[in-house]
Amino acid sequence: MVIFTDSIKVFLSVLVKAQILFRVPFFVFSCRGIPGKKCGTVIVTAEELGCCRDSVLMQFCANKLDKKDFFGKSDPFLVFHRSNEDGSFTICHKTEVVKNTLNPVWQAFKISVRALCNGDFDRTIKVEVYDWDRDGSHDFIGEFTTSYRELSRGQSQFNVYEVINPKKKGKKKKYVNSGTVTLLSFLIETEVSFLDYIKGGYWLSFNVNLILASTGNPSQPTSLHYMNPYQLNAYGMALRAVGEIIQDYDSDKMFPALGFGARLPPDGRVSHEFALNGNPQNPYCHGIDGVMEAYYRSLKSVQLYGPTNFAPVINHVARYAASVKDGSQYFVLLIITDGVISDMAQTKESIVNASKLPMSIIIVGVGPAEFDAMEELDGDVVRISSRGRFAERDIVQFVPFRDYIDRSGNHVLSMARLAKDVLAEIPEQFLSYMRVRGIKPSPAPPPYTPPIHVLQTQI
Ligand SMILES: *[C@@H]1O[C@H](CO)[C@@H](O)[C@H](O)[C@H]1NC(C)=O
């Protein structure tokens, strides 16, 4: 009997979620129990179709191509086709045109292995050579075929190809070829994935901060913070749903939970950054349940109060993120808001500042308002900037919660869809930080070899 320890459970669930959310091609799970021990061991191996993430950088030149133009020589370019399973071909790359030469050297180009051969090293790749014409009626010079495996031998006698024009070959007895194309270089570039970091033991350091913006009086049923003894209010629902998704990614599930926009007891001082649990020295809450409890407790003790400033809260997390830049920790700030924002300019500047740091911001909008300002912060359409400075990377993901709940507003329609959208951009944001900082994943631990005395395997 295998007993899943908490951390293994989380690891499994993270892996399964990673597979669903981040469209990692496939995993192999192998689980082994060690009988006679109270706490079993589960070994999980995760594999991706590694080659599919790779790209290749290739460069070609040609020699003695046929002359096609009446005035001048030829203006050659190459068209690459990947063969499909049904034998048809799909164009996957076109080179630039090199003007007026029969011995062109094309610029090196990068193409993903997926685009080039769909990850199948032996699949036919057809390359056509054309002479460019201004009017678009490009003249066919000839063609040759190869495969990824052939190309991967790099520059050698195997990668000099005769360019053949089948029509000419049929007609002219003396026809040899229409020139040759030579591979000059072939370089594989491996793209590191989110999973590589997880495999290297990285995943345990996500940090999640919860901040609730203020709207309305909790005693009014119209308030998004309405304290209804029988059901969760809008904030509570969004907090629970999104919190349950993200808590699996946090190493210790201790969340510093901050609120902003309130008057605090005992003196009614306005705060834009207060601990939901009332303890500024230790604002950590245990799990999402702890955060929910602190949230409801704070609604009773503080008086929610505008304006709603985001910048202090972003800067608060940024201060932590700025202290660990070696890539050993990555911070995720979750902001739940009704969309009202009083300090747009400062918030943009804070985001531009934070784009240099190991952090991401997830903004969840609750309630019926227009979320134009939040869409703008998301920056998916226009990269966010402040006073002429652009964000180094995209670090904000905005999700309008109403898109995921039913008409009564009481039930989340699809947790899976919500999870996918909440976390959609995190892996890429995380990777972009690691890439810019040149932080490589730690090598995965060596594969597990089961001890010889294993008697049975059971899950
Ligand atoms: C952003 O960074 C600059 C330079 O470090 C700093 O002067 C400014 O106060 C920061 N802006 C905000 C809103 O924190």
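Computed over heavy atoms, backbone and side chain alike; hydrogens, waters and symmetry mates excluded. Remember, it's 1-based here, ligands and their atoms both numbered in the order they're listed.
With sequence neighbours excluded, the residues satisfying ring-ring contact (aromatic ring centres under 6.0 Å, His included) with Phe371 are Phe398. Taking the ring-ring contact (aromatic ring centres under 6.0 Å, His included) definition, one finds that Phe186 meets it with Tyr148, sequence neighbours left out. Scanning for ring-ring contact (aromatic ring centres under 6.0 Å, His included) contacts around Phe60 gives Phe80, with sequence neighbours left out.
No side-chain donor-acceptor contact under 3.5 Å links Tyr433 and Ser360.
Between Phe255 and His286, the ring center distance fails the sub-6.0 Å criterion.
For ligand 1, the protein residues within 4.0 angstrom (heavy atoms only) are Asn315, Gln346, Glu349, Ser350, Asn353.
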Fill in: Chi angles and distances behind the side chain to side chain donor-acceptor pair (under 3.5 Å) call for Asn315, Ser350
CA-CA 6 Å; Asn315 291 346; Ser350 295; 3.0 Å; yes
